[in-house]
Amino acid sequence: MRRLLPDPADLAPDDLPEVYAYPPDPGRPWVRVNFVSSLDGAVSVDGRSGGLGTPADKVVFGALRRLADVVLVGAGTARAERYRGARRPTIGRDAPPPIAVVTGSAALEPDLGLFTDTSVPTIVLTTAGAPAERRAALRAAGADVVELPDLNPATLLGELERRGLRRVLCEGGPGLHGDLIAAGAVDELCLTLSPLLAAGGAGRIAHGPGGRAPEGMALVSVLEEDGTLLLRYARAAT
Ligand SMILES: NC(=O)c1ccc[n+]([C@@H]2O[C@H](COP(=O)([O-])OP(=O)(O)OC[C@H]3O[C@@H](n4cnc5c(N)ncnc54)[C@H](OP(=O)(O)O)[C@@H]3O)[C@@H](O)[C@H]2O)c1
């Protein structure tokens, strides 16, 4: 893998934690979003992102997880991608980051790998409006179920902050990403462009409420391997 910007260099996987380091102490949760897309903007192939991944994307995906305090994900993605717990410990800690899944419905099967195949309890961020029996079933499966007053980004991030989980890695999906953008809560976007044309009916990396002026983002770095571009953007200074 090579870095094209800011300063060209050959990179080894061991270099990635430094390349993608979070700000030392932003004083609040820092939201990094990570997506992979085809060149023509597809976010999935046959309903899943796996068909878009390349070896370089997988290496960076893993490195980003190892830097995070928590992996935040929408329920649609957890279901479609059959999520399970993260495997490798966060750098500097002895445990992997917990997965925190956002769901208004709490409609997650208790036998998902999220609950059965994880070394740290999965956090379920929901509200008391979700059916009580579903919340109870997820608790019985070992989940840390949190009933929040609402699932607005400020409330979600407030709960993560309360737990000391400030280095947030959001792995999507497009619905949750759209809510974060609408709330002005995205600090960073790591976007892998895979050298593929996918067509089909797949959506793009964010959808949801419009009406907000597009937010300017500044290019932080560009890595490349075998035609895959790994772009990192951060919120532009205002
Ligand atoms: N290419 C990539 O990098 C990538 C990454 C992630 C996902 N994907 C793809 O994206 C697709 C899934 O898209 P999606 O939009 O359904 O994903 P999503 O954002 O993960 O899921 C949406 C669901 O999450 C819950 N949710 C998220 N934000 C919420 C909020 N603020 N308030 C209340 N509920 C919230 C709701 O679940 P309930 O229905 O349970 O209430 C909602 O229906 C899949 O095909 C997946 O493969 C691709």
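Indexing begins at 1, ligand by ligand and atom by atom, following the structure's order.
Side-chain contact check for Val101 versus Leu114: some heavy-atom pair is nearer than 4.5 Å. Considering only heavy atoms from C-beta on, Pro55 comes within 4.5 Å of Glu225 through its side chain.
Near ligand 1, residues Phe35, Val36, Val43, Ser44, Gly47, Arg48, Ser49, Gly74, Ala75, Gly76, Thr77, Arg79, Ala80, Glu81, Val102, Thr103, Gly104, Ser105, Leu151, Glu171, Gly172, Gly173, Pro174, Gly175, Leu176, Asp179, His207 each place a heavy atom inside the 4.0 Å sphere around the ligand atoms.
Residues passing the salt bridge (Lys or Arg N to Asp or Glu O under 4.0 Å) test with Arg3 are Asp7, sequence neighbours excluded. Residues satisfying the salt bridge (Lys or Arg N to Asp or Glu O under 4.0 Å) test with Glu161, not counting sequence neighbours, are Arg166.
Legend: salt bridge (charged side-chain N to carboxylate O under 4.0 Å, His left out) pairs involving residues 128-137, not counting sequence neighbours, sorted by first then second residue: Arg135-Glu147.
With respect to the salt-bridge test (charged N to carboxylate O, under 4.0 angstrom), the residues Arg93 and Asp69 qualify.
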